[in-house]
Amino acid sequence: MFYKMSEGHGLPHDPFKAILAPRPIGWISTVDVHGVHNLAPYSFFGAVSSNPHMIGFSSEGLKDSVANAKTSGEFVYNVASIDLLHEMNTTSQGVAPEIDEFKLANLDSLPCSLVAPRRVAQAPASMECRVVHCTQLQGVDGKLTQRYMVIGQVLAIHIRDDLLAEGRFNTAGANLLARCGYRDYTAVEKVFELHRPSEKQGNSQGPSS
Ligand SMILES: Cc1cc2nc3c(=O)[nH]c(=O)nc-3n(C[C@H](O)[C@H](O)[C@H](O)COP(=O)(O)O)c2cc1C
């Protein structure tokens with residue numbers, strides 16, 4: 001099939017998110033001006049750059065995570081793993097800003113080193129970030145949308161010690177959770193290695209980009 005966005009897909013549900021799958025879940029923690037901690041999942045999320053290391057998430061509407069990241073200039077990305085599925089889902093509830101989703105989901109939190117938001121204690125890894133861009137997106141017609149993108153530079157990374165083996169982060173062991181389309185999820189259970197044509201076999205560190 002082929003369709004123009006202007007004419008619609010004619011399907012029962014929009015296939016867009018199912019095609020762009022799997023998407024890692026950015027489990028974003030922030031803190032508001034009153035010191036209330038906030039935690040919410042964002043699957044419009046990903047790596048943007050390395051050296052400097054940058055990651056970003058985007059929000060459909062001006063949600064608490066964006067508002068807090070914009071005002072405080074900080075956010076933390078917590079890795080969501082399959083064993084944290086229900087806690088992650090609980091933190092997606094549209095609750096009032098004064099509700100701390102760590103408490104709502106019965107999650108333990110730990111302080112960060114360089115930023116004020118707390119991090120999920122059980123998460124396989126967390127990244128402390130400082131905001132470098134916070135933008136209201138515009139469409140091809142030049143009109144502003146109600147979509148907001150936040151990009152942060154990673155200042156520090158926490159990795160659970162049990163997930164480091166021989167100097168490598170065990171991605172499959174961490175069972176990273178990812179979002180597909182509709183109500184579908186997946187988790188990384190196994191990985192395979194592929195070398196670039198120019199690389200010698202046996203270099204398992206991976207390409208720099
Ligand atoms: C797995 C998952 C992924 C989500 N991804 C997004 C997303 O990319 N953008 C968005 O605006 N909302 C997303 N949501 C919904 C938000 O998590 C939800 O609106 C939440 O209440 C926002 O919280 P906040 O206002 O504290 O930031 C997602 C929900 C789930 C369960």
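Order of listing sets the numbers, starting from 1, for every ligand and every atom in it. The first residue in the sequence is number 1, and the count goes up from there.
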*Of the side chain and backbone of E60, name the one, both, or neither that has a heavy atom under 4.0 Å from an atom of ligand 1.*
both
*Check ligand 1 against G94 and write out every atom of the ligand that is under 4.0 Å from a heavy-atom position of the residue.*
21 (O)
*Beyond-backbone contact of V131 with V150, side-chain heavy atoms, under 4.5 angstrom*: yes
*Record the part of F45 in heavy-atom contact with ligand 1 below 4.0 Å; permitted values are side chain, backbone, both and neither.*
neither
*At under 4.0 Å between heavy atoms, which part of P97 makes contact with ligand 1: side chain, backbone, both or neither?*
neither
*To which protein heavy atom is atom 7 (C) of ligand 1 closest, and what is the distance rounded to 0.1 Å?*
Y42 CD2, 3.6 Å
*Below 4.0 Å from any atom of ligand 1, is there a heavy atom belonging to R23?*
no
*asked:* Angle between ring planes, Y3 versus H9, binned at 30° and 60°: parallel, tilted or perpendicular?
replied: perpendicular
*Does N78 reach the side chain of L84, with side-chain heavy atoms less than 4.5 Å apart?*
no
_Test your reading of the model: is there a side-chain donor-acceptor pair from R179 to the backbone of Y182, 3.5 Å cut-off?_
yes
*Hey, are the side chains of C129 and V115 touching, using non-hydrogen atoms and a 4.5 Å cut-off?*
no
_I want to confirm something. Looking only at heavy atoms, which of S92, P41, A96 is nearest to atom 28 (C) of ligand 1?_
P41
*Check whether any side-chain heavy atom of H34 sits under 4.5 Å from a side-chain heavy atom of P97, and report yes or no.*
no
*Identify the protein heavy atom lying closest to atom 9 (N) of ligand 1, giving its residue, its atom name and the separation to 0.1 Å.*
S58 O, 3.2 Å
*Pick, from S43, A67, G26, the option with the minimum heavy-atom distance to atom 5 (N) of ligand 1.*
S43
*asked:* Suppose we measure from atom 12 (N) of ligand 1 to each protein heavy atom; which comes out shortest, and what is that distance?
replied: K63 NZ, 2.9 Å
*Parallel under 30°, tilted from 30 to 60°, perpendicular over 60°: which one fits the rings of F75 and F57?*
perpendicular
*Heavy atom under 4.0 Å from ligand 1: found in Q93's side chain, backbone, both, or neither?*
backbone
*Which atoms of ligand 1 have any heavy atom of S59 under 4.0 Å away?*
11 (O)
*atom 8 (O) of ligand 1: the protein heavy-atom neighbour that sits closest, reported with distance to 0.1 Å*: F44 N, 2.8 Å
*Tell me whether M149 is reachable from V132 by hopping between hydrophobic residues (I, L, V, M, F, W, Y) whose side-chain heavy atoms are closer than 4.5 Å.*
yes
_Test item: Q122 and L107 side chains (from C-beta on) under 4.5 Å apart, heavy atoms_ = yes
*Considering heavy atoms of the protein only, find what lies nearest to atom 26 (O) of ligand 1 and give residue, atom and distance to 0.1 Å.*
N38 ND2, 2.9 Å
*State, yes or no, whether a side-chain contact exists between L163 and F169 at a heavy-atom distance under 4.5 Å.*
yes
_I need the contact type for D64 against ligand 1. Using non-hydrogen atoms and a strict under-4.0 Å cut-off, is it side chain, backbone, both or neither?_
both
*Contact atoms of ligand 1, heavy-atom distance to E101 under 4.0 Å*: 26 (O)
*If you have a sec, work out which protein heavy atom is nearest atom 1 (C) of ligand 1 and how many Å separate them, to one decimal?*
Y185 OH, 3.3 Å
*What protein heavy atom is closest to atom 23 (O) of ligand 1, reported as residue, atom name and distance in Å?*
A40 CB, 3.2 Å
_Taking the side chain as everything from C-beta on, heavy atoms only, tell me whether R147 gets closer than 4.5 Å to Q136._
no
